[in-house]
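Data first, discussion second: the structure below is written as structure tokens.
Just so you know, these numbers come straight off a predicted model, no measurement behind them.
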Amino acid sequence: MLIMFKKLTDDVKIIKRGFSVIHDTQSGVILLNIICAVFEAVTPFINIYLSAEILNELGSGKDIRRLTILVALTVGLNLLVYLIKQLLYRLINICNSLFENKLTMRMNNKTLSTDYANIENFDTRMKRQRINDLRNVNGRGIWFMIYNMRNIIRSLFVIIFAAVMSYKIFFVSDITGEGTFYNIINSPLVSFIMLALIIINVIFTMYANATSAKKSYVLFDGGVTSANTVAAYIVDYVTGYNAGKDIRLYNQKKMLSGEFSSLIDKLKPNFNQLEKNQKKYGNINSAMAVVISCLVYLFVGFKALAGAFLIGNILKYVGSINEFISGFSGFMNGFTEFRNNNEALRAYFDFMEIPDSLFHGTLTTEKRADNEYEIEFRNVSFKYPGTDTYALKNLNLKFNIGQRMAVVGMNGSGKTTMIKLLCRLYDPTEGEITLNGIDIKKYDYDEYMSIFSVVFQDFKLFSFTLGQNVTTSVDVDGEWAAKCLSMAGLDERLSSMPKGLDTPLYKDFEEDGVEISGGEAQKIALARALYKDAPFIVLDEPTAALDPIAEFEVYSKFNEIVGGKTAIYISHRLSSCRFCDDIAVFHEGELIQRGSHDALIADEGGKYHELWTAQAQYYAENTGNH
């Protein structure tokens with residue numbers, strides 16, 4: 001009992017937290033739904049009460065004036081309530097849309113602001129996906145609370161209205177006749193038995209619905225949600241026009257169709273069992289409803305025969321009792337649904353409460369006109385979360401102001417990891433990184449990030465305008481953006497674009513969007529880094545998608561592009577590193593060589609000489625073949 005009470009208490013706390021989120025996100029939506037629920041609850045009772053009065057009048061006085069008033073009142077109240085409800089529905093739809101958009105933005109902001117380590121973490125992505133799956137598959141989540149709250153409020157008021165209209169038949173008797181029949185009908189025991197049967201029916205229905213919902217949830221959680229993730233991925237892939245070429249050239253249709261069919265086959269047992277559960281408990285509920293309805297009609301009918309009330313009140317009492325049963329059942333089911341929904345609420349809170357581990361300091365980086373920012377790695381080692389292998393080991397490296405450094409090495413040697421640590425996407429496992437002699441953890445995080453312009457290998461462009469892609473902002477400094485694109489080697493392409501900087505990229509949103517090549521995309525990413533005009537510029541494979549001529553153009557004016565900035569350049573093409581003052585060679589997470597191109601190539605036993613010779617031989621063989 002104590003465990004059940006604790007679980008109930010925990011469930012109520014989760015529900016309260018859910019409503020706090022709704023109130024903080026879109027406060028008006030709760031009040032509007034409560035008002036709407038009251039009007040929805042009162043609607044059937046207007047017809048029940050006034051229809052009973054009309055029948056009573058037809059069966060007794062037949063006062064035309066009163067009949068006319070009752071009919072007019074019935075039509076008028078129904079019309080008024082209908083119009084009010086339609087207005088409320090429109091306002092609720094608007095508020096619901098605003099709420100959904102704001103709540104989605106809340107989750108997006110969590111994704112945008114959380115530590116990068118969390119974004120790369122598989123569990124984080126799965127937590128966000130679980131929120132979507134629980135909503136898309138069985139409608140669960142904070143969104144569901146609004147809908148269910150209205151059902152509960154409506155059911156509560158239905159109970160109140162029904163009790164007010166029908167209590168007399170149980171607790172007040174106007175029967176004046178004598179005899180066995182009258183005594184039985186007038187007996188408090190009969191009323192008590194009838195009330196008990198109604199309550200038993202409600203409790204049983206509630207239990208059946210709760211059991212059915214719980215079994216359905218287990219079936220969904222046992223495979224439907226995970227399968228839905230894969231299915232959503234396949235649908236996104238198939239409907240994305242960029243995948244159309246691969247689908248046709250590699251005949252992926254068979255694979256994708258087969259994978260989708262396989263998912264459906266796996267889920268068939270779940271859906272079959274779900275259908276069986278729904279039929280089983282649905283049939284039980286239907287049978288109970290028929291039995292209790294018959295008993296209600298008999299109870300009220302015998303009371304009418306005994307002369308307890310006018311014939312029209314049969315409609316009032318039968319309708320009110322049935323509404324009471326429906327309302328009580330709806331209220332209890334709604335509370336059960338709230339508890340069943342708590343798993344989805346926990347998924348939301350688990351995602352929103354993912355902790356950030358990066359320390360955010362308070363020191364200012366001081367925007368220096370001379371750009372004299374000196375960074376040093378001091379015995380830095382790093383392991384990615386969840387692994388025991390060092391991605392970097394005992395790294396000692398200083399970047400001198402205004403220096404051009406190339407970082408080279410084989411795949412997995414730690415080059416990009418070093419950049420992630422430099423930009424505080426991760427913090428070192430051991431050692432420290434300093435800016436002008438101070439641990440970078442002590443600086444204000446946003447200010448520290450502002451001194452870097454980075455182009456990673458896996459950069460992303462938006463399906464927005466060219467100018468917005470360069471500025472990453474709605475506001476575009478056209479002159480500076482155009483100059484940055486020119487420095488990046490995209491001036492000719494810009495001049496050919498129909499709307500200049502306002503030309504949309506890709507065709508996701510705009511019919512006149514421009515499809516750009518991989519090399520052009522890389523130049524736009526480089527222009528984005530230049531537009532930021534930060535004192536440190538880091539280029540991670542910035543010319544991988546460029547042709548040799550375009551690559552030469554970038555390198556030939558690299559000093560002009562970088563200006564007085566400190567530049568770190570990562571590349572697999574060693575021939576493109578010769579313009580740098582300093583070259584750092586990484587291998588298996590360690591810095592193993594450092595020096596100029598001439599000094600490193602002279603060391604015939606070194607890794608740089610090995611890589612250079614291998615690449616030079618490849619180019620020589622290719623030249624010979626042609």
Applying side chain to side chain donor-acceptor pair (under 3.5 Å) to Asn148 and not counting sequence neighbours gives none
Taking Tyr531 for its side chain and Thr472 for its backbone only, find out whether a donor-acceptor pair lies under 3.5 Å. no
Within a strict 4.5 Å, meaning less than it, do heavy atoms of the Ile15 and Asn342 side chains meet? yes
Side-chain (Ser463) to main-chain (Tyr506) donor-acceptor, under 3.5 angstrom: no
Heavy-atom side-chain proximity of Leu461 to Ile516 below 4.5 angstrom: yes
More than 12 foreign heavy atoms under 6.0 Å from OH of Tyr89: is that the case here? yes
Arg424 bridged to Asp446 by N-O distance under 4.0 Å: no
Counting C-beta onward and ignoring hydrogens, is there a side-chain heavy-atom pair between Ile142 and Phe99 closer than 4.5 Å? yes
The test is ring-ring contact (aromatic ring centres under 6.0 Å, His included); show your working for Phe338 and Phe19 and say whether it passes. CA-CA 11 Å; Phe338 266 139; Phe19 277 114; 5.7 Å; yes
Mark yes or no for whether Lys507, through its side chain, and Gly513, through its backbone, hold a donor-acceptor pair below 3.5 Å. yes
Take the angle between the ring planes of Phe509 and Phe464 and call it parallel below 30°, perpendicular above 60°, tilted in between. parallel
I'd like to check the side chain to side chain donor-acceptor pair (under 3.5 Å) partners of Asn322; sequence neighbours left out, ordered by chain and number. none
What I'd like to find out is whether the side chain of Leu485 reaches to under 4.5 Å of the side chain of Leu501, using heavy atoms alone. yes
Quick one: list whatever passes ring pair (Phe, Tyr, Trp, His ring centres under 6.0 Å) with Phe349, sequence neighbours left out. none
If we ignore hydrogens and angles and just use 3.5 Å, is the side chain of Asp11 paired with the main-chain N or O of Arg339 as donor and acceptor? no
Considering residues at least two apart in sequence or located in another chain, which fulfil the ring pair (Phe, Tyr, Trp, His ring centres under 6.0 Å) criterion with Phe45? Phe161
Test side-chain contact (heavy atoms from CB on, under 4.5 Å) on Ile30 and Ile22; report intermediate values, then the result. CA-CA 8 Å; Ile30 295 178; Ile22 295 172; 3.7 Å; yes
Side chains of Asn47 and Ser51: donor-acceptor distance under 3.5 Å anywhere? no
Phe324 atom CZ, over 12 foreign heavy atoms within 6.0 Å: yes
To the nearest 0.5 Å, what is the distance between CD1 (Ile69) and CG (Leu50)? 12.0 Å
Atom CD in Gln86, atom SG in Cys36: separation rounded to 0.5 Å? 9.0 Å
For the backbone of Glu447 and the side chain of Ser450, can you confirm whether one donor and one acceptor N or O come within less than 3.5 Å of each other? yes
CG-CG distance between Leu83 and Leu88, expressed to the nearest 0.5 angstrom: 11.0 Å
Got a sec, which residues hit side chain to side chain donor-acceptor pair (under 3.5 Å) with Lys85, two or more places apart in sequence or on another chain? Thr43
Apply side-chain contact (heavy atoms from CB on, under 4.5 Å) to Thr104 and Asn108, showing your working. CA-CA 6 Å; Thr104 301; Asn108 289 344; 3.8 Å; yes
Contact summary for Asp477 and Thr471, nearest pair of heavy atoms: N-CG2, 4.4 Å
Check step by step if side-chain contact (heavy atoms from CB on, under 4.5 Å) holds for Lys316 and Asn56. CA-CA 10 Å; Lys316 181 172 72 172; Asn56 286 335; over 6 Å; no
Counting only N and O atoms by type, is there a donor-acceptor contact under 3.5 Å from the side chain of Ser20 to the main-chain atoms of Lys16? yes
Compare all side-chain heavy atoms of Asn33 with those of Ile153 and state whether any distance is below 4.5 angstrom. no
Only pairs at least two apart or in different chains count here, so list each salt bridge (Lys or Arg N to Asp or Glu O under 4.0 Å) that has a residue in residues 17-43. Arg17-Glu353, Glu40-Arg150, Glu40-Arg154
Take atom CZ of Phe39 as the centre, draw a 6.0 Å sphere, and report whether it contains more than 12 heavy atoms from other residues, nucleotides or ligands. no
Do you know which two heavy atoms are closest between Ala344 and Leu134, and how far apart they sit? CA-CD1, 3.6 Å
Exam field: side chain Asp512 to backbone Pro504, donor-acceptor pair closer than 3.5 Å: no
Provide the closest heavy-atom pair for Cys423 versus Val454 in the form atom of the first, atom of the second, distance. SG-CG2, 3.6 Å
For the student: nearest non-hydrogen atoms of Phe359 and Asp427, plus distance: N-OD2, 4.0 Å
In terms of side-chain geometry, is the basic nitrogen of Glu510 or Lys499 positioned less than 4.0 Å from the acidic oxygen of its partner? no
With sequence neighbours left out, what residues match Tyr445 under ring pair (Phe, Tyr, Trp, His ring centres under 6.0 Å)? His360
Which residues pass the salt bridge (charged side-chain N to carboxylate O under 4.0 Å, His left out) test with Asp350, sequence neighbours left out? none
Going from CD1 on Ile152 to CE on Met332, what distance comes out if it is rounded to the nearest 0.5 angstrom? 9.5 Å
Would you say Ile14 and Asp10 make side-chain contact, with heavy atoms under 4.5 Å? no
N/O donor-acceptor pair under 3.5 Å between Asn121 side chain and Ala117 backbone: no
Of all heavy-atom pairs between Ile119 and Arg125, which one has the smallest distance, and what is that distance? O-NH1, 3.3 Å
Between Glu120 and Tyr426, is any side-chain donor less than 3.5 angstrom from a side-chain acceptor? yes
Please identify each residue that fulfils ring pair (Phe, Tyr, Trp, His ring centres under 6.0 Å) with Phe452, with sequence neighbours left out. Tyr448, Phe536
Measure from the side-chain N and O atoms of Asp115 to the backbone N and O of Leu358, and report whether any donor-acceptor pair falls under 3.5 Å. yes
Closest non-hydrogen atom pair between Met107 and Phe351, with its separation: O-CE2, 3.7 Å
Validation row: Asn313, Met165 side chains within 4.5 angstrom (heavy atoms): no
Show your working on side-chain contact (heavy atoms from CB on, under 4.5 Å) between Leu103 and Trp143 and close with a plain yes or no. CA-CA 9 Å; Leu103 191 67; Trp143 302 267; 3.7 Å; yes
Please name all residues satisfying side chain to side chain contact (heavy atoms under 4.5 Å, CB included) with Ser155, sequence neighbours left out, ordered by chain then number. Phe331
Contact between Met352 and Asn109 at the side-chain level, heavy atoms closer than 4.5 Å - yes or no? no
Not counting sequence neighbours, list each pair that qualifies as a salt bridge (Lys or Arg N to Asp or Glu O under 4.0 Å) and has a residue in residues 42-55. Glu53-Arg66
Got a sec, which residues hit side chain to side chain contact (heavy atoms under 4.5 Å, CB included) with Thr465, two or more places apart in sequence or on another chain? Gln468
When you measure from the side chain of Asn341 to the backbone of Gly141, do you find a donor-acceptor pair of N or O atoms at a distance under 3.5 Å? yes
